[in-house]
Visitor: 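Pasting a structure below so you can have a look.
In what follows, chains are A, B, ... by sequence order, proteins preceding strands, each numbered from 1.
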2 protein chains.
Amino acid sequence: MTRNAASADRHPVLPPLPSIKAAPFVRVRAARVVELLTPDEQRELAELSTLVRLRRHGMLHPEGGHAEAVFNLVRGVAQTYHLSPSGERRVTSFLFPGDLCGLSENGYYVNTAQAVTNLIAYRIPLRALRNIVSRDPALDAHLLCKLCHDLRAAERHTVMATRRDARRRLAAFLLRMQSDGADGADDVDEGGGGGDVIRLPMLRHDIADYLGLTVESVSRAFQALEDDGVVRRRSPKLIRIMNPDALRRATEEE
Amino acid sequence: MTRNAASADRHPVLPPLPSIKAAPFVRVRAARVVELLTPDEQRELAELSTLVRLRRHGMLHPEGGHAEAVFNLVRGVAQTYHLSPSGERRVTSFLFPGDLCGLSENGYYVNTAQAVTNLIAYRIPLRALRNIVSRDPALDAHLLCKLCHDLRAAERHTVMATRRDARRRLAAFLLRMQSDGADGADDVDEGGGGGDVIRLPMLRHDIADYLGLTVESVSRAFQALEDDGVVRRRSPKLIRIMNPDALRRATEEE
DNA sequence: CGCGATATTGAAGTCTGTCAAGCCCTGTGG
DNA sequence: CCACAGGGCTTGACAGACTTCAATATCGCG
């Protein structure tokens, strides 16, 4: 076993710089997702922002709250969700380092953003952001690119969450977490993170609310994938992919 | 009956100008959605764009196609959708005048955009768009605003399409069409458009694929709402709201 | 006015949601 | 380091809703 006690507390001496990652409009290299911010922009944003550290389940911003800032996640994982009057919760996205949240309408946040793991984020006041953008038009273009990225992600989410059966929804989710969630590992030693092991930092309840299912259905879908030898649960949050091809097929198959 | 034959062919002598509508970041007036483009921007975009007229079911751009332009819908209704390998279709959005489509990734369209009714759109080459944006930073900000708008819409769609039962999904959809679809009436005389009558320009199949249901379930959900005196179908595409409060409750109730 | 496409209705099967119980994991405290 | 307690996860049984398959009715266009 790895010695966790020592490494778990290692905070980066310097916090990571602001970072916005997205797939660009035109192919750059082989990379699917690249850093959009230039070192200058990172420094500028860092200067005008405040650093926020949250423990698990801490709130970045509440739905309906007065929107004065956006947040740039640089470490850890977060989620955004809506609460309906009847108490139903719908998770609309999971956020990883390089992501933004704080979408507003008419000056109010349209969703709640909450820490899934301990996290570090830059709180970027909207006034400051507008200031920088006015001096640096390139940043505007970068934000545009990021929003296109998020829009594509939102569409994929809809497609994923409206799949017919739970098994396919979960399979699609696991594939997505394999690529998106590769980064974002938090206070966890990287021991099991590599290769064909997916780490799911969120609770089953979060996955269920993200996929439009119940926790029970998520469990049963895991069981179904496991029975077919597609994946194996080492622990609830550590999923080993036994058959990558089968997992890919499981997202589309008839 | 109204004499449709004559009015169906009345084309505006001058096509409508380019138009991008969205809810702004900060409340402007009572208006929820406003025109973002200045008259100058409208003129500039019109000059560099080509006008596209499509008949019902015509294609604006195909998924996977080389992305060279975005489209600005100025008349009629369109939809975007994904086709999965197994043949399932998921409609990701309905577009109305003031909307944009042509989202791309790595230079390729990520979805297919198709005319739901006869429509008119501006085809804006990406090269030209980049050109204008470089000269007019304000336009960049407007596009940013529009993308935020679309992102919120995408989130609402996900919430709508993952509601538990078909009745609530359809109720939410109808409410949305009442506000969004108020504009966009196409080759239809405005006779039945006003008041508490909702015109649904798309097919049941489109609605089903948008809500993650089958056409049969959509029909039965209509029936359920009708049995409860919430709405009444004057024809498949003309829905009269009998009880607006009940319709609103039907979207949230336990 | 008639035909093809679209929409509705019906019946049976399947999957998910619900309710309930038990197990396992995790984190806390000794 | 270990024990314990609480929360999270899984499993089972049943009812309900949706999907599927099939047939009929209706709409809308030529």
Visitor: B/Arg163 has an atom CZ; how far is it from atom P of D/dC18, in whole Å?
Guide: 14 Å

Visitor: Ignoring hydrogens and angles, state whether a donor on the side chain of A/Thr158 or B/Thr92 is under 3.5 Å from an acceptor on the partner side chain.
Guide: no

Visitor: If you go through the side-chain atoms of A/Gln223, does one of them form a donor-acceptor pair with the base of D/dC9 closer than 3.5 Å?
Guide: no

Visitor: Counting heavy atoms from C-beta on, name the nucleotide in C/dT26, D/dT11, C/dT9 closest to the side chain of A/Arg233.
Guide: D/dT11

Visitor: Once hydrogens and angles are ignored, does a donor-acceptor distance under 3.5 Å link the base of C/dG10 to the side chain of B/Arg220?
Guide: yes

Visitor: Is any side-chain heavy atom of A/Asp209 closer than 4.5 Å to one of A/Ile207?
Guide: no

Visitor: Between P on C/dT8 and CG on B/Leu170, what's the gap in Å once rounded to a whole number?
Guide: 10 Å

Visitor: Over how many whole Å does the gap from A/Leu238 atom CG to C/dC24 atom P extend?
Guide: 18 Å

Visitor: Rounded to the Å, how far apart are B/Arg56 CZ and D/dC29 P?
Guide: 6 Å

Visitor: Check the distance between D/dA17's P and B/Arg168's CZ and give it to me in whole angstrom.
Guide: 11 Å

Visitor: Is it true that the side chains of B/His82 and A/Glu155 contain a donor and an acceptor less than 3.5 Å apart?
Guide: yes

Visitor: For the pair made of NZ in A/Lys237 and P in D/dT10, what is the distance, rounded to whole Å?
Guide: 11 Å

Visitor: Give a yes or no on whether the ring-centroid distance for A/His66 and A/Tyr109 is below 6.0 angstrom.
Guide: no

Visitor: Whole angstroms only, please: what is the CZ-P distance between B/Arg55 and D/dC29?
Guide: 11 Å

Visitor: Counting side-chain heavy atoms from C-beta on, which of C/dA7, C/dC15, D/dG8 comes nearest to A/Asp165?
Guide: C/dC15

Visitor: I need the NE2-P distance between B/His57 and D/dC29, as an integer number of Å.
Guide: 11 Å

